[in-house]
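In this chain, numbering begins with 1 at the start of the sequence shown.
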Amino acid sequence: MNRPHAPAQQLPDPTIEISEGWHCLHIYYLLDRVTLQQLSPEEISAGVEEFKAVLNPEAEHAPERVQSFVVSGHRADIGLMLMDKDPLMIDALHQKLMSTKIGLALEPTYSFVSLTEVSEYVPTVEQYSEKLRLGGTSPDDPSYAAKVKAYEQRLPMMNKQRLYPDFPDWPIHCFYPMNKSRVPDANWYMEPFSKRSALMSEHATSGIKFAGRVSQLITASTGFDDWEWGVTLWGRTPEYIKEIVYTMRFDQASAKYAEFGEFYIGYIMDAEAILKHLQIQ
């Protein structure tokens, strides 16, 4: 007996690109000065030029976003944040860097692989409208329509920045990974969406207070790395990084449900400034 065939499912063509957004890589390196000292002056000179060429964000081989920085502390000397629609283009820059003469003295010590995303907790226009009503703003109030219209106009721009972010021209770069907990009595994934959404709204309200002082990007890493999200913060000054992390940890979404990995603090520089800082040239 012949069974009827189910209609063919419309599937995308196989690809390494995501349907929207970019791949993202944070990667950190230690400089092995013993290896560096074994290089001849000619090799170091050639390596310096190679290093600068590889990290040139305007180069043909460069991913869509390339940011380099020196790292404070013993775990790394150099850090990179790379973003592109093609993950192999991102990895190719890492491979090019490791293939330089300077790369012989670089040891990768940490990396984090993730994707840009629009969080499920970003309210739609309808959800934002409902939030206004629940907050006591009547639909008959002239401010109600003005607020809804303003949000509707901002939302596409905000989502574009989440998916295809521009990096702020600020000197401080902070990165850390995080999870939502699954422990008894604090299992984020057992809470209803309405509660999770309310907690994240409170969390976002705390962050908005730092507008103009700190810029934040959340990238998703479920299935791509050992943590669920990566948090990148850019600060106008160092103390703002400390203040925002301290302040937002008191929100219930963090205080009860968040688990944090190691923090990396960096100071943004181009390739030439990094080499001078590390006293390679």
Side-chain angles (χ1 to χ4, degrees), residues 18-22 24 65 83 114-170 174 176 178-181 185-222 228-237 239-258 260:
I18 53 178
S19 58
E20 61 176 8
W22 284 336
C24 180
R65 297 288 181 271
M83 308 186 87
S114 58
L115 307 172
T116 60
E117 70 165 3
V118 176
S119 170
E120 62 183 320
Y121 304 112
V122 174
T124 63
V125 175
E126 292 74 18
Q127 290 169 334
Y128 178 78
S129 302
E130 177 67 14
K131 182 180 177 181
L132 289 177
R133 290 193 293 271
L134 293 175
T137 304
S138 170
D140 298 326
D141 188 328
S143 68
Y144 175 88
K147 290 179 180 178
V148 171
K149 183 177 181 180
Y151 184 77
E152 186 175 18
Q153 292 174 337
R154 292 199 314 272
L155 186 59
M157 294 182 289
M158 292 190 297
N159 287 343
K160 182 179 179 182
Q161 174 63 14
R162 293 179 176 103
L163 292 171
Y164 309 100
D166 291 315
F167 295 163
D169 187 21
W170 293 348
C174 174
Y176 60 93
M178 67 167 294
N179 287 337
K180 291 298 189 184
S181 72
D185 301 322
N187 189 327
W188 178 259
Y189 296 99
M190 295 298 290
E191 302 291 357
F193 178 80
S194 58
K195 179 177 180 178
R196 287 184 280 123
S197 183
L199 291 175
M200 292 306 295
S201 178
E202 175 198 33
H203 199 53
T205 300
S206 295
I208 288 172
K209 297 174 183 176
F210 289 85
R213 294 182 287 165
V214 176
S215 181
Q216 176 182 270
L217 178 68
I218 309 296
T219 51
S221 49
T222 302
E228 294 172 315
W229 291 278
V231 181
T232 306
L233 304 174
W234 292 271
R236 189 176 287 274
T237 67
E239 59 265 33
Y240 293 148
I241 298 295
K242 176 181 71 70
E243 289 175 16
I244 191 172
V245 173
Y246 181 82
T247 298
M248 296 183 77
R249 282 190 173 188
F250 284 93
D251 297 334
Q252 191 175 170
S254 285
K256 184 175 182 180
Y257 295 100
F260 300 97

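Across all their heavy atoms, Glu228 and Lys180 have their closest contact at OE1-N, 3.0 Å. Nearest heavy-atom pair, Arg65 versus Pro165, reported as atom, atom and distance to 0.1 Å: NE-O, 2.7 Å. Annotation for Leu217 and Trp234: closest pair CB-CZ3, 3.8 Å, computed over non-hydrogen atoms. Counting all heavy atoms, side chain and backbone alike, Ile218 lies closest to Trp229 at CG2-CD1, 3.6 Å. Annotation for Asn159 and Val122: closest pair OD1-CG1, 4.0 Å, computed over non-hydrogen atoms. Heavy atoms only, all atoms of each residue included: Leu199 and Gln252 are closest at CD2-NE2, 3.6 Å.
Under a 3.5 Å cut-off, the side chain of Thr116 and the backbone N or O of Trp22 do form a donor-acceptor pair. Judged by distance alone, the side chain of Asn179 and the main-chain N or O of Ser181 form no donor-acceptor pair under 3.5 Å. Panel note: side chain Tyr121, backbone Ala204; no donor-acceptor pair is recorded below 3.5 Å. The backbone N or O of Ala253 sits nowhere less than 3.5 Å from a side-chain atom of Asp251 that would complete a donor-acceptor pair. In this structure a side-chain-to-backbone donor-acceptor pair under 3.5 Å is missing from Arg162 to Ser119. A donor-acceptor pair under 3.5 Å links the side-chain atoms of Thr247 to the main chain of Glu243, judged by distance alone. In this structure a side-chain-to-backbone donor-acceptor pair under 3.5 Å is missing from Ser201 to Ser197.
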| Do Arg213 and Trp170 pass the side-chain contact (heavy atoms from CB on, under 4.5 Å) test, and can you show the C-alpha distance, the side-chain angles, and the key distance before you say yes or no? | CA-CA 9 Å; Arg213 294 182 287 165; Trp170 293 348; 5.8 Å; no
| request: Could you walk me through whether Leu132 and Asp141 pass side-chain contact (heavy atoms from CB on, under 4.5 Å), step by step? | output: CA-CA 11 Å; Leu132 289 177; Asp141 188 328; over 6 Å; no
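Under the 4.5 Å side-chain criterion, counting only non-hydrogen atoms from C-beta, His203 is in contact with Ser254. Contact check for Arg133 versus Tyr144: side-chain heavy atoms found under the 4.5 Å cut-off. With contacts defined as side-chain heavy-atom distances shorter than 4.5 Å, the pair Glu152/Tyr128 does not qualify.
Between Trp188 and Tyr257, the angle of the ring planes goes over 60°, which puts this pair in the perpendicular group of the 30/60° scheme.
A distance of 10.5 Å separates CZ in Phe193 from CE in Met200, rounded to the nearest 0.5 Å. Between the NZ atom in Lys242 and the OG1 atom in Thr237 there is a gap of 10.0 Å [rounded to 0.5 Å].
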